[in-house]
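Keep in mind the model is a prediction, meaning the values are calculated, not measured. Side chains included, hydrogens not; waters and symmetry mates left out as well; all remaining heavy atoms used.
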Amino acid sequence: MPAPSPVTDTIAAIATPAGSGGIGVLRLSGPQALAIARVFLGSPAKPRHAHRCRFRDAGGDVIDDGLLLAFPAPHSYTGEDVVELQAHGAPVLLAALLRRCIELGARHARPGEFSERAFLNGKLDLAQAEAVADLIAAGSEAAARAAMRSLDGEFSRRVHALGRQLVELRVYIEAAIDFPEEEIDFLRGDELRARFAAVDLILHELLAGARRGQRLRDGLRVAILGEPNVGKSSLLNALAGHDRAIVTAIPGTTRDVLLEHLDVDGLPVTVVDTAGLRETTDEVESEGIARARREAAKADLVLWVVDESRDSGPGARGAASSRITVHNKLDLSDAEARIERRADGTHVHLSAKTGAGLPLLRRVLREHAGLTEGSAGDFSARARHVDALERCRAALATARAQALTDGHGELAAEELRIAHEALGEITGRMRADELLGAIFASFCIGK
Ligand code: GDP
């Protein structure tokens, strides 16, 4: 973690824009925040007290009337002196209030700068700071709850717990190197094997949770493909719950690429509805088809729609693992809505028209994202976190082979250090050697 550079400036931003007739919040953070508050109030602000305040401009005219709250350092969101101005004016009045704060010595905050200062002052770790952004951008209620848990430190706590286990393992191995005369053969013992297995289990669970968390955050990008008129647009509308795409009985009506953001039982899903895939001479339509192919290549998953009541035509393309075949128009036959797991992938039989079988498709989509029944995801995570955990796991596996198979204690210890550093990147806080020192100090090698 970089050493916090001394902050000399005060930042200001509209933290919550005023809704229609609602309250807008303007936030200040930095060394001049309390002085600016004093100008507005005419006297020093009492800590954590809601002052009724008339906010005036340089000429003494009232901009707005609202509340002023001061949170002196370090008991604030950023760890610095923070002042919040709550105004009930229109956005133009909030903008005027912000201008006044700038006149009084603050500067406009960059995006994320309040959270960055909170991180630099040790109020939040990196994973928590990222969760703030994820909370704001959450694509579904479940994603928001997961981000809230990360912000609360759930993910960081688990990362730290794993870090402590790794350090203990490293200490154990280094002790074997430093005290080779000990009668126990550390490096081949069952004890060591068991310790590696325990750490690997925790890491495995954390990685699975982080992958789920990443899915909840990023959602799933799904392309709906198939021959014209099989019911692609109808399926999109049925999933979205309202009429978005134009549904007609004339093949080739969906010429454009439509994007729809859906909340599939907590999983944010972006569905791309594309022009029907078929050979055509119509210029506009061929452009649509070219775009459909590009979208399909970008999607995490392709829903290949076929008409259950007709010959299904050409088969779906792409790997079975990233494709679900949807047999639509089930209502035209007397078959049951169902899921089939076949060698060429998962097949769902449904009717976009009646809605029969739609819950099955939703379930399959959630499964594809790694979210099983009832598991909403424990915490939010990002690709960066998953990547760090994967590197941690790879280094752990190497360390294990070196310690247990080859008996190379030094190399194993070095790999464990690499594993621990990868973990440290997640929270940006853990310093491998610091933690190691602390544990070493309390570690008794037995005489
Ligand atoms: P697309 O060209 O693949 O997007 O197909 P559309 O969604 O435009 O649908 C083509 C036609 O099939 C329309 O007349 C729809 O009403 C009809 N259709 C779509 N889904 C179903 C279904 O589940 N059952 C029945 N009976 N008709 C459907």
Side-chain angles (χ1 to χ4, degrees), residues 134-148 211-226 230-247 253-276 288 291-292 294-306 316 318 321-330 337 339 345-377 380-383:
D134 293 347
L135 185 61
I136 295 164
S140 75
E141 216 181 297
R145 274 199 300 274
M148 198 58 227
R211 285 202 182 108
R212 284 198 296 273
Q214 189 200 342
R215 274 286 174 234
L216 263 187
R217 173 183 180 270
D218 298 346
L220 210 56
R221 196 178 170 93
V222 174
I224 303 184
L225 299 179
V230 290
K232 296 181 296 298
S233 305
S234 307
L235 181 65
L236 171 63
N237 289 339
L239 277 172
H242 60 89
D243 280 2
R244 173 71 166 79
I246 319 149
V247 179
T253 7
T254 317
R255 285 182 168 162
D256 217 343
V257 172
L258 295 171
L259 279 186
E260 188 76 39
H261 299 281
L262 314 177
D263 178 345
V264 176
D265 302 336
L267 173 72
V269 173
T270 302
V271 186
V272 199
D273 172 41
T274 51
R291 247 194 266 177
R294 284 198 295 274
E295 287 302 331
K298 277 195 286 178
D300 298 313
L301 181 70
V302 167
L303 291 185
W304 181 259
V305 186
V306 296
S321 61
S322 60
R323 186 209 330 136
I324 295 169
T325 309
V326 174
H327 300 257
N328 189 32
K329 309 197 185 181
L330 184 76
I339 300 174
T346 304
H347 293 246
V348 182
H349 299 259
L350 53 74
S351 166
K353 193 172 188 174
T354 66
L358 271 181
L360 300 180
L361 181 60
R362 289 205 179 91
R363 196 210 292 168
V364 169
L365 287 173
R366 278 176 56 86
E367 275 172 18
H368 189 86
L371 301 174
T372 44
E373 212 71 53
S375 88
S380 67
R382 299 179 167 206

(message) For the backbone of V305 and the side chain of N328, can you confirm whether one donor and one acceptor N or O come within less than 3.5 Å of each other?
(response)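 No, N328 side chain to V305 backbone: no donor-acceptor pair under 3.5 Å.
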Do the non-hydrogen side-chain atoms of [X] and [Y] ever get within less than 4.5 Å of each other?
| X | Y | value |
| --- | --- | --- |
| L303 | L361 | yes |
| L330 | T354 | no |
| D300 | V222 | no |
| V271 | L262 | yes |
| L365 | L301 | yes |

(request) Mind running side chain to side chain contact (heavy atoms under 4.5 Å, CB included) on V348 and I324 for me, showing each step along the way? (result) CA-CA 7 Å; V348 182; I324 295 169; 4.0 Å; yes
(message) Test side chain to side chain contact (heavy atoms under 4.5 Å, CB included) on L235 and L350; report intermediate values, then the result.
(response) CA-CA 10 Å; L235 181 65; L350 53 74; 4.0 Å; yes
Roughly how far apart are [X] [atom1] and [Y] [atom2], rounded to 0.5 Å?
| X | Y | atom1 | atom2 | answer |
| --- | --- | --- | --- | --- |
| R221 | H261 | CZ | NE2 | 8.0 Å |
| K298 | T270 | NZ | OG1 | 11.0 Å |
| T325 | H349 | OG1 | NE2 | 9.0 Å |

(message) Which residues pass the side-chain hydrogen bond (donor to acceptor under 3.5 Å, both in side chains) test with R215, not counting sequence neighbours?
(response)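 None.
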(request) For K353, check salt bridge (Lys or Arg N to Asp or Glu O under 4.0 Å) against everything at least two apart and list the hits. (result) none
(request) Mind checking salt bridge (Lys or Arg N to Asp or Glu O under 4.0 Å) for R362 and listing every partner two or more places apart, or none if nothing turns up? (result)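 With neighbours one apart ignored, the set is empty.
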(request) Apply the test side chain to side chain contact (heavy atoms under 4.5 Å, CB included) to residues H368 and T346: give CA-CA distance (whole Å), side-chain angles for both, the deciding distance (0.1 Å), then the verdict. (result) CA-CA 10 Å; H368 189 86; T346 304; over 6 Å; no
(request) Using the test side chain to side chain contact (heavy atoms under 4.5 Å, CB included), find all partners of A144 that sit at least two apart in sequence or belong to another chain. (result)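 Partners of A144 under the side chain to side chain contact (heavy atoms under 4.5 Å, CB included) test: L135, A138.
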Any idea which heavy atoms bring [X] and [Y] closest together, and the distance?
| X | Y | result |
| --- | --- | --- |
| A337 | A356 | CB-C, 4.2 Å |
| Q214 | R382 | CG-C, 3.9 Å |
| A352 | A238 | O-CB, 3.7 Å |

